[in-house]
Amino acid sequence: MTQEELQALTVNKSVDARGTACPGPLLEAKKAIGTIGSGDIMEILSADEGTKRDIPKWANKKGHEYLGTAEESGYFKIYLKKG
Amino acid sequence: MENKKMCLALFTGSVDKLTAAGVILSGAAVDDMDVDIYVLLQAARAFKKDIADDSSKLPMAENVDLKEEFLVSLKKLNVKTWVEFFKEAKEITNVKIHICGLAGKVWDGEKLDDFIDLADDIVGISEYITAAQEADVNLFI
């Protein structure tokens, strides 16, 4: 998805994990995804570089769809669709 | 699909290695692994009720003179304590923490009640060997 398409997504759950370093964002994503339904969109806000690769890999492994990462100033937003 | 199994022989009682174990455990939990932790000699001391949450009572394994810097840095980065990592992993996935009977005795811990609530039971070495044989991932920290 393009940056514009990502930004236009309707998000069902937003997780602000900017206050934590690895493995904090991953732990928060794991807990949050259990609270939404199949097909729902979740965004994870993080400034942790390792997380940028961690969450897409984890999501694909667990059957969720990684939609893309939107860059913001000083952080990024990772978009997932729950499988 | 059956969960993958991790078997962790946790020997260390040092705050830096326990923190590393906590991070690895978090990864295993997020990946839905079943984890068996066998708390061996030095680690059993760290699991005692009066010691676990008191970093001043826990040594550093490496760069011992940088302990304060290490702990201050972790706090600044908002990293959980090793106990918090273990606790959260238990909430997320199936983690069992077994205290080695001998190790407990070395540190005057005869009963399960002498250890923090995260500990599930006190066991002998054959249970570790069996778990290690059956695990997909084996670690010694």
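Proteins come first, then strands; the chains are lettered A, B, ... in the order of their sequence lines, and each starts at number 1. Heavy-atom basis, side chains included; hydrogens, waters and symmetry copies ignored.
- Contact of A89(B) with chain A is not made at all, since no heavy-atom distance falls under 4.5 Å.
- Cluster annotation: L118(B) is not connected to F11(B) through the hydrophobic network of ILVMFWY side chains, with a link wherever side-chain heavy atoms come within less than 4.5 Å.
- Grouping the Ile, Leu, Val, Met, Phe, Trp and Tyr side chains by contacts below 4.5 angstrom, directly or via other members, places L66(B) apart from L74(B).
- Heavy atoms from other residues, nucleotides or ligands lying under 6.0 Å from NZ of K52(A) number more than 12.
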One pair to check against side chain to side chain contact (heavy atoms under 4.5 Å, CB included): K30(A) and D32(B). What are the steps and the verdict? CA-CA 10 Å; K30(A) 164 73 176 171; D32(B) 304 310; 2.4 Å; yes
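- Looking only at side-chain heavy atoms (C-beta outward), V30(B) and K62(A) stay at 4.5 Å or farther from each other.
- Both L27(A) and M33(B) are assigned to one and the same hydrophobic cluster, defined by single-linkage of ILVMFWY side chains at heavy-atom distances under 4.5 Å.
- Dense packing is recorded around CG of D65(B), with more than 12 heavy atoms of other residues, nucleotides or ligands lying under 6.0 Å away.
- Counting heavy-atom pairs closer than 4.5 Å to chain B, the top residue among G19(A), G34(A), C22(A) is G19(A).
- Within the 4.5 angstrom heavy-atom criterion, only side-chain atoms of E88(B), from C-beta onward, approach chain A.
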